[in-house]
Amino acid sequence: MISHAGRRLTGRVAVFGVVVWLVAFAMPQPAQAEYADVVINNYADAAGMRPAVFPHWFHRIRFRCKVCHADLGFKFKAGGNKINMAKIIEGKFCGACHNGEVAWSVENCDMCHSGVPGTPTHFHGSTVQRLVAPPYKALDATKRVKQ
Amino acid sequence: MERKNIRISSLAAAFVLSIGAVWSTQPHANNESSVFSDSGVMMVAADVSTANIFNRNLKKVKDPNAAPPEDGIHDPENPGTHVLQPPKEAYVGLPTTAFGNHIDWVKALDDGALKPRWERTDPTAEPFVMDLDIVRPVKASVPDVVFPHRQHTEWLACSNCHPAIFIPQKGANQINMSAILLGQKCGVCHGKVSFPITTKSCRKCHSKPKPADWKPPLSEATLKNPWR
């Protein structure tokens, strides 16, 4: 024979297990992308494209920082250059090289637009992001308090 | 009897789910959840072990140079992702470090293992390198900071730093670690693209030993302490 209490406990334990299991999947898992990869997603998601991913490590093997950040005018700010496809095909930003002359041409959409959909613009592996108490969390907290 | 079987199997299912949950939230922690086998205390044990796991905040990256399809920011569903070069393939033969890209970019350049272009289309153009060290004495016990222009002007133009980030005059800029960690001053690049700020990299910047007679400055609160 099985008691009512026993059955209730069984039910609770099962529910508890399921809840913990679901919560576990909702927890952010640490991404392991290469240090200094930049995800750029000001507009891409909204236009139905995957976010663009820019690998610094790959480009710095081929170019010094000066080429992009002094000559081509890339500002030191992820997402801060308001890059779009119109500028790229005019030969600005990525288009200064991805033009079929210095590097492969712009029709290779999915080489650049390779990010997981929904990933926000960010700098991967940055020290700020890796702090145990990242400063940007505070902003979320104030937002929640205000509501 | 049948009911009891159902009970046992549902308990077993819950147990497995809980273990799975604890395990998947702590992918890098040393897992000890197998110590509890009695289904009666399991609920409490699972509860306690999620709150009191050994490392609550330590995050270790297992594979720092993961290939694009496994790195968590590239979409493996995207055909282009599989054409991208895995970092490890490109890093073969380059000098290593214990942080950032795990590559010593300065040494790689000095050794001639890399020849990145200084001009977009001219592979023969050479940088304008300036060898000028700026020593910044630090009030704290850590070694003083040496800012080397040489390593920086190998990669960057003067206009990348002067005057937007630093006024070009020794001692004219207020710099401290909080600003650096928030991504200002040296932190515009260090912690983003150039080597990051971590226990193993402090000495790269803090490289000049303190003078033998150096004594730590005492804080006001200590000097004026009425209870001393």
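In what follows, every chain begins at residue 1, and chains take the letters A, B, ... in the order their sequences are listed.
When the shell of 6.0 Å around CD of B/Gln174 is examined, it contains 12 or fewer heavy atoms from other residues, nucleotides or ligands. Shown here is B/Lys200, whose NZ atom has no more than 12 heavy atoms of other residues, nucleotides or ligands within 6.0 Å. Within 6.0 Å of the CZ atom in B/Arg117, the count of heavy atoms belonging to other residues, nucleotides or ligands exceeds 12. The number of heavy atoms from other shown groups lying within 6.0 Å of CD (B/Glu77) does not exceed 12. In the displayed structure, B/Lys107 atom NZ is contacted under 6.0 Å by at most 12 heavy atoms of other residues, nucleotides or ligands.
Highest contact tally toward chain A, considering only B/Gly100, B/Ser159, B/Gly183, B/Ala157, is held by B/Gly100 [criterion: heavy-atom pairs under 4.5 Å]. Options B/Pro116, B/Gly80, B/Gly187, B/Ser194 differ in how many heavy-atom pairs under 4.5 Å they form with chain A, and the most are formed by B/Pro116. Among B/Leu58, B/Ile180, B/Asp63, B/Val83, the residue with the largest count of heavy-atom pairs under 4.5 Å with chain A is B/Asp63.
Contact check for B/Cys186 versus B/Ile175: side-chain heavy atoms found under the 4.5 Å cut-off. Using a 4.5 Å cut-off on side-chain heavy atoms (C-beta onward), B/Pro87 and B/Pro68 make contact. Using a 4.5 Å cut-off on side-chain heavy atoms (C-beta onward), A/Tyr35 and B/Asn65 make no contact. Using a 4.5 Å heavy-atom cutoff, the side chains of B/Asp133 and B/His149 are not in contact.
Between B/His190 and B/His152, the ring planes lie perpendicular to each other; the angle is over 60°, past the 30° to 60° tilted range. Using bins of under 30°, 30° to 60° and over 60° for the plane-to-plane angle, the ring pair B/Trp105/B/Trp155 lands in the perpendicular bin.
Closest approach of A/His69 and B/Asn160 over heavy atoms only: O-ND2, 3.3 Å. Scanning all heavy atoms of the two residues, the minimum distance from A/His122 to A/Pro120 falls at ND1-O, 3.0 Å. What you find for A/Ser126 and B/Lys192 is that their closest heavy atoms are CB-CD, 4.0 Å. The two atoms that bring B/Thr81 and B/Asp75 nearest to each other are OG1-O, 2.8 Å, heavy atoms only.
In this structure, the side chain of B/Asp131 does not engage the main chain of B/Arg150 through any donor-acceptor pair within 3.5 Å. No side-chain donor-acceptor contact under 3.5 Å links B/Asn55 to the backbone of B/Asn57.
The CG atom of B/Asp71 lies 6.5 Å from the CG atom of A/Asp37; values are rounded to the nearest 0.5 Å.
Proximity to chain A (any heavy atom under 4.5 Å) is shown, for B/Ile197, by both the backbone and the side chain. Neither the backbone nor the side chain of B/Ile103 comes within less than 4.5 Å of any heavy atom of chain A. With a 4.5 Å cut-off on non-hydrogen atoms, B/Val193 touches chain A through its backbone and its side chain both. Heavy atoms of B/Pro69 lying under 4.5 Å from chain A are absent altogether. At a 4.5 Å heavy-atom cutoff, the contact between B/Pro196 and chain A is made by backbone and side-chain atoms alike.
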- Query: After noting the C-alpha distance and the side-chain angles of B/Tyr91 and B/His102, does the key distance pass the ring-ring contact (aromatic ring centres under 6.0 Å, His included) rule?
  - Reply: CA-CA 9 Å; B/Tyr91 293 166; B/His102 291 243; 9.1 Å; no
- Query: Can B/Asp111 and B/Leu109 be said to form a side chain to side chain contact (heavy atoms under 4.5 Å, CB included), step by step?
  - Reply: CA-CA 5 Å; B/Asp111 294 353; B/Leu109 209 61; over 6 Å; no
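When the heavy atoms of residues 86-98 of chain A are compared with those of chain B, the residues falling under 4.5 Å are A/Ala96, A/Cys97, listed by number. Within residues 102-117 of chain A, the residues having any heavy atom less than 4.5 Å from a heavy atom of chain B are, in residue-number order, A/Val102, A/Asp110, A/Met111, A/His113, A/Ser114, A/Gly115, A/Val116, A/Pro117. The contact list for residues 119-128 of chain B toward chain A, using heavy atoms and a distance under 4.5 Å, reads B/Glu119, B/Arg120, B/Thr121, B/Pro127 by residue number. Residues of residues 45-66 of chain A having a heavy atom under 4.5 Å from any heavy atom of chain B, listed by number: A/Arg50, A/Val53, A/His56, A/Trp57, A/Phe58, A/Arg60, A/Ile61, A/Arg62, A/Phe63, A/Arg64, A/Cys65, A/Lys66.
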